[in-house]
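Shown next, in structure tokens, is the structure this report addresses.
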Amino acid sequence: MIRTILWFIYFWALLLQLIPRMIRGQRYLDRGQQDQLSALVGQVVPTWARRLLWAAGVTVEVRGREHMPPDPALYVANHQGNFDIPLLLANLGEPKGIVAKLSLSKFPFVSTWMRYFGCVFIDRGDARQSLRVLGDAQKQLEDGKSIILFPEGTRSKGESMGEFKAAAFKIAFQSGV
């Protein structure tokens with residue numbers, strides 16, 4: 001319990017420390033300086049994710065990184081724990097956009113960084129909005145940007161994975177990745 005409280009304090013302290021860089025990122029975005037924004041995000045986000053994993057006492061062993069495609073890809077992963085996203089952000093190289101639940105778009109500071117690296121927010125209760133967001137994800141793939149998608153649509157509870165929705169496979173096929 002105490003470790004969890006300390007972890008959340010650390011989480012927020014790191015985010016507050018990043019406010020000046022977040023403001024710089026907004027300036028880059030406003031000026032259309034996408035290369036500078038990408039460089040900033042590529043430096044900040046994986047470091048932030050690694051620090052969160054460290055604070056939680058998580059150790060990671062990565063195997064097979066050499067098999068990652070150099071071209072844009074749709075990364076499809078099951079979502080069984082709270083650390084899946086920091087693990088991916090810390091270990092997949094340059095941050096990939098994530099198809100994330102809409103409630104994360106209301107999360108101060110985190111949602112700003114997520115937008116900086118191409119995350120899209122999906123309302124699972126609104127079929128039209130979901131289709132539009134998946135279309136946005138497909139467009140990013142077609143524009144050469146990788147995306148992470150959790151095809152179960154939510155975090156799995158318990159030991160077994162949930163049913164994969166077909167959307168992940170559809171946008172991968174249609175975008176040619």
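- Partners of D30 according to the side-chain hydrogen bond (donor to acceptor under 3.5 Å, both in side chains) rule, which considers only residues two or more places apart in sequence or in another chain, are Q26.
- For R31, the side-chain contact (heavy atoms from CB on, under 4.5 Å) partners at least two apart in sequence or on another chain are R27, Q33.
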Donor-acceptor contacts under 3.5 Å from residues 130-144 side chains, at least two apart:
| unit_1 | atom_1 | unit_2 | atom_2 | d |
| --- | --- | --- | --- | --- |
| S130 | OG | D123 | O | 2.8 |
| S130 | OG | D126 | O | 3.0 |
| Q138 | NE2 | E142 | OE2 | 3.0 |
| K139 | NZ | D143 | OD1 | 3.1 |
| K139 | NZ | D143 | OD2 | 3.0 |
| Q140 | NE2 | G118 | O | 2.9 |

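- By the 4.5 Å heavy-atom criterion applied to side chains, L40 and R21 are counted as neighbours.
- Checked against side-chain hydrogen bond (donor to acceptor under 3.5 Å, both in side chains), Q17 has no partners two or more places apart in sequence or in another chain.
- Annotation for M114 and A100: closest pair CE-CB, 3.6 Å, computed over non-hydrogen atoms.
- L53 places a side-chain heavy atom less than 4.5 Å from the side chain of L87.
- For F83, there are no ring-ring contact (aromatic ring centres under 6.0 Å, His included) partners two or more places apart in sequence or in a different chain.
- Among all heavy-atom pairs drawn from G93 and P46, the shortest one is O-CG, 4.1 Å.
- The minimum heavy-atom distance between P95 and G42, with the atom names listed, is CD-CA, 3.8 Å.
- Partners of R65 under the side-chain contact (heavy atoms from CB on, under 4.5 Å) rule, at least two apart in sequence or in another chain, are V62, M68, N91.
- Under the 4.5 Å side-chain criterion, counting only non-hydrogen atoms from C-beta, S105 is in contact with R115.
- For the pair I148/L92, a side-chain contact is recorded, criterion being any heavy-atom separation below 4.5 Å from C-beta on.
- With sequence neighbours excluded, no residue forms a side-chain contact (heavy atoms from CB on, under 4.5 Å) with P70.
- Here ring-ring contact (aromatic ring centres under 6.0 Å, His included) pairs that include residues 115-135, with residues two or more places apart or in two chains, are W113-Y116.
- Under the 30°/60° scheme for interplanar angles, the aromatic rings of F11 and F107 are found to stand perpendicular.
- The side-chain contact (heavy atoms from CB on, under 4.5 Å) test applied to L16 returns I19, F109, not counting sequence neighbours.
- For the pair V41 and Y28, the minimum side-chain heavy-atom distance is 4.5 Å or more.
- Annotation: the span from K96 atom NZ to L88 atom CG amounts to 10.0 Å, rounded to 0.5 Å.
- One distance of note links OH of Y75 with CZ of F150; it measures 13.0 Å at 0.5 Å rounding.
- Under a hydrophobic clustering in which Ile, Leu, Val, Met, Phe, Trp and Tyr are joined whenever their side-chain heavy atoms come within less than 4.5 Å, directly or via other members, Y10 and F8 fall into the same cluster.
- F169 and F173 sit in two unconnected hydrophobic clusters of ILVMFWY residues. Membership requires side-chain heavy atoms under 4.5 Å apart, directly or through other members.
- Screening residues 39-61 for side-chain hydrogen bond (donor to acceptor under 3.5 Å, both in side chains), with sequence neighbours left out, gives E61-R63.
- Between W7 and A56 the shortest heavy-atom distance is CD1-N, 3.6 Å.
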